[in-house]
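These notes are about the structure you will find just below.
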Amino acid sequence: MGRGRRGPAATVPGKMPKSVLTPQAEDYPRWYQEVVAKAEMAENGPVRGTMVVRPYGYAIWERMQAELDARIKAAGARNAYFPLFIPESYLKREAEHVEGFSPELAVVTHGGGKELEEPIVVRPTSETVINAYFSKWLQSYRELPLLLNQWCNVVRWELRPRLFLRTTEFLWQEGHTCHATSEDARACCLHILHDVYESFMVEQLAVPVLTGRKTDAEKFAGADASYTCEGMMGDGKALQMGTSHLLGQNFARVFDTMFLNEEGEREYAWQTSWGVSTRLVGALIMAHGDDSGLRVPPNIAPVQVVVLAVRDEGGAGEAAASVARQLADRGVRVELDSRTDTSFGRRVIDWELKGVPLRVEVGPRDVAAGEATLARRDDGTKQSVPLAALVERAQSLLADIQSGLLDEARRRLDSRLVDVSSVEEAIEASQSGFARMEWDDADEAALNAAGVSVRCLVRADGTVPDPEERSELRAVVGRAY
RNA sequence: CGGGGCGUAGCGCAGCCUGGUAGCGCACCACCUUUGGGAGGUGGCGGUCGUGGGUUCAAAUCCCACCGCCCCGACCA
């Protein structure tokens, strides 16, 4: 936490502030920082730009990993692991790649107390090392396509870090593939974009995204084309949530990644690479969070239901434990909160901060009536439910909450995405959301001067353009994280 | 790197201008009363005042240098 900054708790000495967090409308970035801190997601590490991910934040990441990993494997990829350290010479082989990454590289010059003969780079991404091994392993078209994925950390030196959104070290998944034809590589790249990333974001994170192609200015260094999933955050700004790149034969050429084709000729492999990172946690926070804290969609929530024993009287403690057990038996991710030495209100607020989708309150009054109280985190409504019907009701409410959060996010995206016909209108529209316009009219220099950028390019029908496609395209512009 | 701000207890801050016993709120510990939307009382623990130097009988306070952090601008998942 920074010095010279105040949480709302500091404004009135001796008194609790009215609200737990700075309201979003008052100061969105501050709201974000406070949620991350108070929901115990993460904090800054000792080295600038590094991040300590706390158990609750990491639990969310683990849920994301589990869902993504299943989809990645279903797409045909296998997991592997490549080293953190990469010879600097590898990076230098692909001219555009080094040029793009050199400003943000961490370079190791000493090891074992001696200066190294060749500097070692801490991986900013692994195309180069992985290609060094692809070239060794790959022999025949019969081995294609070859799809590998790795879960790891990477380092890109950042000047202005923000927890989860932009840190010097972050966790991610990077997929790397080799294909026999350009068409097959393209199909894979888009399959990952839509059927792994977009589907995960919509179904699990309940965040609708726009998919499109990056402009040359924003594409991956060394790629022929980059495709992106762009989400709209609560303040109308865009967040790049995932990217899938078509590498062509660029890396294959410099690393000699070749195979023998059906005609018996040696040919360079056609490649893709793709990744999503812990930035997704930031996306989750900003896509659904409200003035009371996080709102985590049930599908991704590490805790879907918290059962609160209001106090340990009238059998409430036992009843709460029993409810929690029943929910767990039905496969619900549930946590029992029986800390009755802490006040009820405090505990409610803490669980709201953490965004647990559904809260079950069990107190003496509920027990006497044979009921429990269910409180939804998404809309704040409460209802009493007979204990016998509780598990069923909880499960149906979780489903409602999941779809409700998606609908809400979709309405925001739809209502704040407007079609415009000039740079001036685009800048105006970007103050509250996205603008869509003819790409030919989108003067990037003029937009950038106003703090706005082209997030992605799409066709008139909304589908993603081919790598070389340039005419009749629409540009989606907005402010970006 | 350019501009602005800030370093005092775990967190948020006051004290500095006008040198002289280091304070407040929250958190934490103990006990009692509490518990259906941030509980109250009483007692307690906790600080090399960012670092180094200088001025002075005396420095959190004045002077110099350095370091760090935060915010705003040029790059990125």
A:S292 and A:L21 have their tightest heavy-atom pair at C-CD1, 3.8 Å
Can you find a donor-acceptor pair, distance only, under 3.5 Å between A:K382 side chain and B:rG37 base? yes
Contact class for A:E361 (heavy atom, under 4.0 Å): base, sugar-phosphate, or nothing? base
When both distances are under 3.5 Å in a Watson-Crick or G-U wobble arrangement, the nucleotide paired with B:rG44 is B:rC28
Which part of the nucleic acid, if any, lies within reach of A:T278 when heavy atoms closer than 4.0 Å are counted: base, sugar-phosphate only, or nothing? nothing
Taking any heavy-atom pair under 4.0 Å as a contact, classify A:R162: base, sugar-phosphate, or nothing. nothing
Would you mind pulling out the nucleotide paired to B:rC75, Watson-Crick or G-U wobble, both distances under 3.5 Å? none
Using both distances under 3.5 Å as the test, list the Watson-Crick or G-U wobble partner of B:rC62, or none. B:rG54
Once you apply a heavy-atom cut-off of 4.0 Å, does A:Y197 come out as touching a base, just sugar-phosphate, or nothing? nothing
Check for a donor-acceptor pair, side chain of A:E94 on one end and backbone N or O of A:H97 on the other, with a separation under 3.5 Å. yes
Just wondering, more than 12 heavy atoms not from A:E218 lying within 6.0 Å of its CD? yes
Would you mind classifying the nucleic acid contact of A:L280 as base, sugar-phosphate or nothing, using non-hydrogen atoms under 4.0 angstrom? nothing
Any salt bridge linking A:K219 with A:D224? Criterion: basic side-chain nitrogen under 4.0 Å from a carboxylate oxygen. no
Identify whether a stacking contact exists between A:F170 and B:rA77, where the ring centres must be under 5.5 Å apart and the planes under 30° apart. yes
Would you confirm whether A:Y28, through its side chain, and A:M286, through its main-chain N or O, come within 3.5 Å as a donor-acceptor pair? yes
Holding to salt bridge (charged side-chain N to carboxylate O under 4.0 Å, His left out), I want the full list of residues that pass it with A:E104, two or more places apart in sequence or in another chain. none
Categorize A:G275 for me: base, sugar-phosphate, or nothing, with a 4.0 angstrom heavy-atom threshold over every strand shown. nothing
A quick test of your reading: do over 12 heavy atoms of other residues, nucleotides or ligands sit less than 6.0 Å from CD of A:Q383? yes
Do NZ/NE/NH1/NH2 and the carboxylate oxygens of A:R347 and A:D337 come within less than 4.0 Å? yes
Report, as yes or no, whether the 6.0 Å neighbourhood of atom CZ on A:R339 holds more than 12 heavy atoms from other residues, nucleotides or ligands. yes
If B:rG23 has a Watson-Crick or G-U wobble mate with both distances under 3.5 Å, name it; if not, just say none. B:rC13
For A:W157, look at atom CH2 and say whether over 12 heavy atoms of other residues, nucleotides or ligands are found less than 6.0 Å away. no
NA contact type, A:P29, heavy-atom cut-off 4.0 Å: base, sugar-phosphate, or nothing? nothing
Report, one pair per line, the protein and nucleotides 28-31 of chain B atoms (nitrogen or oxygen only) whose separation is under 3.5 Å.
none

Taking CG from A:D337 and P from B:rG36, how many angstroms apart are they, rounded to a whole number? 14 Å
Is it the case that B:rG36 (base atoms only) and A:R347 (side chain only) share a donor and an acceptor within less than 3.5 Å, ignoring hydrogens and angles? no
B:rU35, OP1 or OP2 - any side-chain N/O from A:R346 closer than 4.0 Å? no
Short side-chain N/O contact from A:R160 to OP1 or OP2 of B:rG73, under 4.0 Å: yes
At 4.0 Å (heavy atoms only), tell me whether A:T125 reaches a base, stays on the sugar-phosphate, or touches nothing. nothing
What nucleic acid atoms does A:S273 come within less than 4.0 Å of, heavy atoms only: base, sugar-phosphate, or nothing? nothing
Closest nucleotide of RNA chain B for A:I349 versus for A:E313: which of these residues is on the 5' side? A:E313
With a non-hydrogen cut-off below 4.0 angstrom, is A:T243 in contact with a base, only sugar-phosphate, or nothing? sugar-phosphate
If you only use heavy atoms from C-beta on, which nucleotide in B:rG37, B:rA77, B:rG38 is closest to the side chain of A:V348? B:rG37
For nucleotides 42-46 of chain B, give me every protein contact, N/O to N/O, under 3.5 Å, one pair per line with atom names.
none

Could you tell me how far B:rA60 sits from B:rG44 if I compare only their C1' atoms? Round to whole Å. 26 Å
Can you check whether A:S343 has a side-chain N or O nearer than 4.0 Å to OP1 or OP2 of B:rU35? no
